[in-house]
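In this chain, numbering begins with 1 at the start of the sequence shown. Each ligand, and each atom within it, is numbered from 1 in the order the structure gives.
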Amino acid sequence: MTKTLGLIGAGNIGSALARLAVAAGLDVVLSNSRGPETLADLVAELGPRARAATPAEAAQAGDLVVATVPLNTYTQLPAVALAGKTVIDTMNYYPERDDRIAELDAGEQTSSALVQRHLADSRVVKGFNSIDFVRLFTAARPAGAADRSALPVAGDDTAAKAQVAELLDALGYDAVDIGTLADSWRSEPGTPVYVQPYLPAQPDGLTQEEMGRWFFEVPGVPVPADKVRELTDSAVRRSAGDARATLSRD
Ligand SMILES: NC(=O)c1ccc[n+]([C@@H]2O[C@H](COP(=O)([O-])OP(=O)(O)OC[C@H]3O[C@@H](n4cnc5c(N)ncnc54)[C@H](OP(=O)(O)O)[C@@H]3O)[C@@H](O)[C@H]2O)c1
């Protein structure tokens with residue numbers, strides 16, 4: 001059972017996961033690129049279960065570690081400190097943000113397979129990548145709740161996936177195993193399960209400001225496990241550029 005969650009990246013997703021983890025009674029060790037002192041406010045808000053550290057220290061402290069940084073920094077993840085660990089990869093490829101990665105544009109690899117290649121001695125599991133950071137926090141529900149959602153997980157190591165499913169359960173989600181890291185394109189940007197199902201339809205005619213408010217305030221739509229399975233099964237592989245062209249946010 002995970003007692004301490006290490007977080008490399010403490011932005012939108014990292015801080016939402018830290019809040020859920022603390023609420024679930026876990027200790028969290030947060031890190032970012034600018035140094036522990038820049039996380040003082042977040043740590044104070046999270047309370048005594050939280051502390052800030054360097055990425056390598058967060059990696060070492062975690063029974064389970066989340067890598068939640070922009071994909072174009074994945075080669076900076078501390079591979080030695082992460083050796084032997086299960087690492088949850090929340091990262092998505094956005095060419096306009098991450099610069100072009102030829103292997104991904106060619107559809108030869110999934111982004112998580114690249115992360116696994118860098119973290120050769122870790123067990124990488126893709127997870128938490130297909131829900132936006134607001135719903136990630138607000139749509140979490142206790143086990144058995146009628147409106148609990150499920151999230152896809154993918155990985156090459158069965159035991160690591162079970163460990164991640166246990167974390168999802170503690171944090172408020174059911175897990176749907178969608179296969180290996182090679183299969184993880186089924187939850188990448190542009191696929192049917194990606195972000196949209198967890199949101200209601202956006203009203204027409206909103207100003208930019210109203211759209212921002214809507215995004216932050218609208219309640220999520222529960223997406224149960226059978227729906228996640230149906231959506232991921234129905235995914236069709238497209239080139240990264242095509243798949244992302246219509247997406248404006250992750
Ligand atoms: N936003 C979403 O709704 C969403 C949903 C699903 C998946 N994702 C994916 O999850 C990942 C994180 O997204 P986000 O929205 O949380 O990003 P974000 O808000 O921009 O936060 C990124 C975090 O990564 C840290 N970071 C950057 N480079 C680093 C490095 N070399 N070493 C350690 N930490 C580093 C940043 O720290 P500094 O600020 O100190 O640089 C920051 O804490 C992305 O790959 C994204 O595609 C996002």
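The proximity of R135 to ligand 1, defined as any non-hydrogen pair under 4.0 Å, does not occur for either the backbone or the side chain. Contacts with ligand 1 closer than 4.0 Å are made by side-chain heavy atoms of T73 only, the backbone lying farther away. Proximity of R34 to ligand 1, defined as any heavy-atom pair under 4.0 Å, is shared by backbone and side chain alike. With a 4.0 Å heavy-atom cut-off, ligand 1 is reached by the backbone of I131 but not by any atom from C-beta on. Under 4.0 Å from ligand 1, the heavy atoms of F128 that appear belong solely to its backbone.
Among residues at least two apart or in separate chains, side chain to side chain donor-acceptor pair (under 3.5 Å) pairs with a member in residues 60-73 are T68-T90.
Among the atoms of N12, some N or O lies under 3.5 angstrom from an N or O of ligand 1. Where the criterion is an N or O separation shorter than 3.5 Å, residue side chain and backbone included, N129 fails it with respect to ligand 1. Considering backbone and side-chain atoms alike, D132 places every N or O at 3.5 Å or more from each N or O of ligand 1. For the pair S33 and ligand 1, the shortest N or O to N or O distance falls below 3.5 Å. For a threshold of 3.5 Å applied to N or O pairs, the pair formed by I8 and ligand 1 contains no separation below that value. Residue A10 places at least one N or O, backbone or side chain, under 3.5 Å from an N or O of ligand 1. At under 3.5 Å, not a single nitrogen or oxygen of S130, backbone or side chain, sits near a nitrogen or oxygen of ligand 1.
Atoms of ligand 1 found under 4.0 Å from any heavy atom of P70, numbered from 1 in the order shown, are 22 (C), 24 (O), 27 (C), 45 (O). Here is the list of ligand 1 atoms found below 4.0 Å of a heavy atom in M91: 45 (O). Proximity to G9 (heavy-atom distance under 4.0 Å) selects the following atoms of ligand 1: 23 (C), 24 (O), 25 (C), 43 (O).
Ring orientation note: the planes of Y194 and Y94 are tilted relative to one another, at an angle of 30° to 60°.
Between L136 and Y173 there is a side-chain heavy-atom pair separated by less than 4.5 Å. Within the 4.5 Å cutoff, the side chain of K126 has heavy atoms near those of the N92 side chain. Between D174 and P224, the closest side-chain pair of non-hydrogen atoms is not below 4.5 Å. Between I131 and S149, every side-chain heavy-atom pair lies at or beyond the 4.5 Å cut-off. Between F128 and L151, the closest side-chain pair of non-hydrogen atoms falls below 4.5 Å.
A cation-pi contact, defined as under 6.0 Å to the ring centre and within 45° of the axis, links R135 to F215.
Criterion: ILVMFWY side-chain heavy atoms under 4.5 Å apart, direct or through other members. Under it, L5 and L42 are part of a common hydrophobic cluster. No chain of hydrophobic side-chain contacts below 4.5 Å, direct or via other Ile, Leu, Val, Met, Phe, Trp or Tyr residues, connects V29 to L7.
In this structure, L77 does not count as a contact residue of ligand 1, since none of its heavy atoms falls inside 4.0 Å of the ligand. Residue-ligand proximity: S31 is placed with every non-hydrogen atom at 4.0 Å or more from ligand 1.
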Verdict with reasoning, R148 to D169, per salt bridge (charged side-chain N to carboxylate O under 4.0 Å, His left out): CA-CA 10 Å; R148 195 182 219 216; D169 187 42; 2.8 Å; yes
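Comparing heavy-atom distances from atom 13 (O) of ligand 1 across V66, D98, V195, I13 singles out I13 as nearest. The option from V69, T68, T90 that lies nearest to atom 44 (C) of ligand 1, judged by heavy atoms, is V69.
Residues satisfying the salt bridge (charged side-chain N to carboxylate O under 4.0 Å, His left out) test with E37, not counting sequence neighbours, are none.
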